[in-house]
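Read through the structure below, which is laid out as structure tokens, and then see the notes.
Numbering of residues begins at 1 and proceeds along the displayed sequence.
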Amino acid sequence: MASLQFHGNVNADIRYDISLDPARESNLFRLLMRQQLAMGTRPSPRLPKWWPKRLEMMGQVLAKAYSSMVIFTSLHLGVLFTKTTLDVLPTGELQAITDALTMTIIYFFTGYGTIYWCLRSRRLLAYMDHMNREYRHHSLAGVTFVSGHAAYRMSRNFTLAWMMSCLLGVIFWGVSPLMMGIRMLPLHCWYPFDALGPVTYSAVYATQLFGQILVGMTFSFGGSLFVTLSLLLLGQFDVLYCSLKNLDAHSKLLSGESINGLSLLQEELLLGDATRELNQYALLQEHPTDLLRMSAGRKCPGQGNAFHNALVECVRLHRFILHCAQELENLFSPYCLVKSLQITIQLCLLVFVGVSGTREVLRIVNQLQYLGLTIFELLMFTYCGELLSRHSIRSGDAFWRGAWWQHAHFIRQDILIFLVNSRRAVHVTAGKFYVMDVNRLRSVITQAFSFLTLLQKLAAKKTESDL
């Protein structure tokens, strides 16, 4: 947690403006934690306080049993589609082969994602707890401020919208036979028994529908978690940059500068819309501090000491951000490697089926949904990675915006060390092989369409041989 001086020596829960600076959120990941429970990736959950102590063991056993059922559902559908793919390979029907292969990849990746986040659940929970405990909900007390609540609100809204989009896409596919009023299964795969029999049909249909829901939950969770963490880190960078900009104003505020003097400094730092520097912040918006509200608790021995202590707080915040960014890289590097491979192959197969497949309306709608979700998911990972890389090296720009030269004799060595360390860009990689940025977006799409061209040539040769 930040020191009391960070908040203006008043209290840690002070709000710089009643309407523009909301109170600190106790849990930034409430929606994601509930999604974790729903998709079975927390085999050892924290039981609620009202849960009876004598039933704690039963609760843990039920959680592990549910996780095992989720993993089994995904993997057994992946195995069934593998058998379907092997059966249609001798026929040479490229459309049937690509259909079966696409679903094989989807369900095996669903199983992989579920197992991966089950194994990383403790580490992920510790990471979330650390961020909830240490994040700064607003910038250093000064004449202007940014509130981190906007980043939290954006991440929460995105998580909800992305989860609903993924679920609607896969559930629409799952309930298609019911909408059409025909007795068939939503997923066409091999079974060692009559799946359409009067006894087995309902059970098989329910299993496939549950599997489709798991696909939507797994795909939405990985992307939502990555975007949420990226947005929160970008928000913390904005908090850091506004704090660096207000170092001189912070020292004057604590040393007893008059309201008139602070107001002049506020006008100098917070320029009008026509003259304000563009793109200072990635997500947050800068607002004027309520100076009358902040003037009550400003006590500090001297400007130089306050300036140096404030710089130390900024260094601590920067180290916290870099630690969280490194943990983000550790969590997502193996996941992004498999995700990139899955998206490349799936994108190629979906486009091929869309171009060369049948022209049934329901089939086209389902394919477009999967294709749109796949492309947008790739864009999420690469664009957020690009934003983090570009925005993480702007500490120097933020520092030069303040009147740092007036306190240079107090911070000469400290600021040199800080500026050198601030030039280290944050990167999220895929298995340490390549960086997840817009260049990766271009290369994945290029590779996918290269494979698509190869499949189209194979389809053309088969057509010629049939003639």
Side-chain angles (χ1 to χ4, degrees), residues 39 41 71 74-75 77-82 84-86 89 94 97-120 162 166 169-170 211 214-227 229-230 328-355 367 369-386 389 427-456 458:
M39 60 184 285
T41 53
I71 294 171
S74 303
L75 293 182
L77 286 172
V79 170
L80 293 178
F81 274 109
T82 302
T84 305
T85 305
L86 295 175
L89 274 176
L94 287 179
I97 294 172
T98 51
D99 278 346
L101 188 58
T102 299
M103 299 308 297
T104 302
I105 293 170
I106 287 174
Y107 275 102
F108 273 126
F109 180 81
T110 302
Y112 165 79
T114 305
I115 295 171
Y116 181 84
W117 292 119
C118 281
L119 295 177
R120 293 295 185 108
W162 178 239
C166 291
V170 296
L214 292 178
V215 169
M217 294 291 287
T218 303
F219 276 64
S220 67
F221 178 76
S224 297
L225 179 62
F226 185 81
V227 173
L229 293 173
S230 299
L328 176 68
E329 156 71 5
N330 295 335
L331 279 172
F332 274 92
S333 183
Y335 184 84
C336 285
L337 179 63
V338 180
K339 170 61 71 174
S340 296
L341 180 62
Q342 175 253 327
I343 287 179
T344 302
I345 300 175
Q346 186 174 322
L347 187 61
C348 165
L349 295 176
L350 286 173
V351 174
F352 175 76
V353 171
V355 172
Q367 294 292 343
Q369 286 176 337
Y370 269 95
L371 181 61
L373 292 174
T374 302
I375 294 176
F376 190 75
E377 187 178 28
L378 175 63
L379 180 63
M380 282 162 33
F381 279 92
T382 54
Y383 183 66
C384 287
E386 180 76 17
S389 299
H427 293 299
V428 179
T429 65
K432 309 294 183 182
F433 290 108
Y434 38 76
V435 178
M436 296 298 289
D437 54 13
V438 292
N439 290 326
R440 184 59 193 162
L441 172 66
R442 177 183 53 81
S443 62
V444 167
I445 293 178
T446 301
Q447 292 168 5
F449 277 89
S450 297
F451 293 143
L452 171 64
T453 304
L454 178 61
L455 285 176
Q456 287 179 322
L458 291 174

task = Let me see the working for Leu378 and Thr374 under side chain to side chain contact (heavy atoms under 4.5 Å, CB included), right down to the final yes or no.
result = CA-CA 6 Å; Leu378 175 63; Thr374 302; 6.0 Å; no

Evaluate the side-chain proximity of [Y] to [X]: yes if any heavy-atom separation is below 4.5 Å, no if none is.
| X | Y | value |
| --- | --- | --- |
| Thr82 | Phe108 | yes |
| Leu214 | Thr114 | no |
| Thr104 | Thr84 | no |
| Leu77 | Thr110 | no |
| Gln342 | Tyr112 | no |
| Tyr335 | Phe226 | no |
| Thr429 | Glu329 | yes |
| Leu441 | Ile445 | yes |

Please give me the minimum heavy-atom distance between [X] and [Y], naming the atom from each residue.
| X | Y | value |
| --- | --- | --- |
| Trp162 | Gly223 | NE1-CA, 4.3 Å |
| Ala100 | Thr85 | CB-OG1, 3.3 Å |
| Gly222 | Phe332 | O-CE2, 3.7 Å |
| Glu386 | Asp437 | OE1-CB, 2.9 Å |
| His427 | Ser389 | ND1-OG, 3.1 Å |
| Val227 | Cys384 | CG2-SG, 4.0 Å |

message = Main chain of Arg442, side chain of Asn439: is a donor-acceptor contact present, judged purely on distance under 3.5 Å?
response = no

ask   = Can you check whether Met217's main-chain N or O pairs, donor with acceptor, with Ser220's side chain at less than 3.5 Å?
value = yes

Distance check, rounded to the nearest 0.5 Å: [X] atom [atom1] versus [Y] atom [atom2]?
| X | Y | atom1 | atom2 | answer |
| --- | --- | --- | --- | --- |
| Ser230 | Tyr383 | OG | OH | 11.5 Å |
| Ser224 | Met380 | OG | CE | 6.0 Å |
| Leu225 | Trp117 | CG | CH2 | 5.0 Å |

key: Atom OH of Tyr116 with >12 non-hydrogen neighbours under 6.0 angstrom   = yes

query = Run the side chain to side chain contact (heavy atoms under 4.5 Å, CB included) check on Val428 and Phe381 step by step: do they pass?
reply = CA-CA 9 Å; Val428 179; Phe381 279 92; over 6 Å; no

key: Verdict with supporting geometry, Val435 and Arg440, side chain to side chain contact (heavy atoms under 4.5 Å, CB included)   = CA-CA 7 Å; Val435 178; Arg440 184 59 193 162; over 6 Å; no

ask   = Less than 6.0 Å separating the ring centroids of Phe109 and Phe219?
value = yes

request  = Go through Cys166 and Glu377 one step at a time and tell me if the side chain to side chain contact (heavy atoms under 4.5 Å, CB included) criterion holds.
outcome  = CA-CA 10 Å; Cys166 291; Glu377 187 178 28; over 6 Å; no

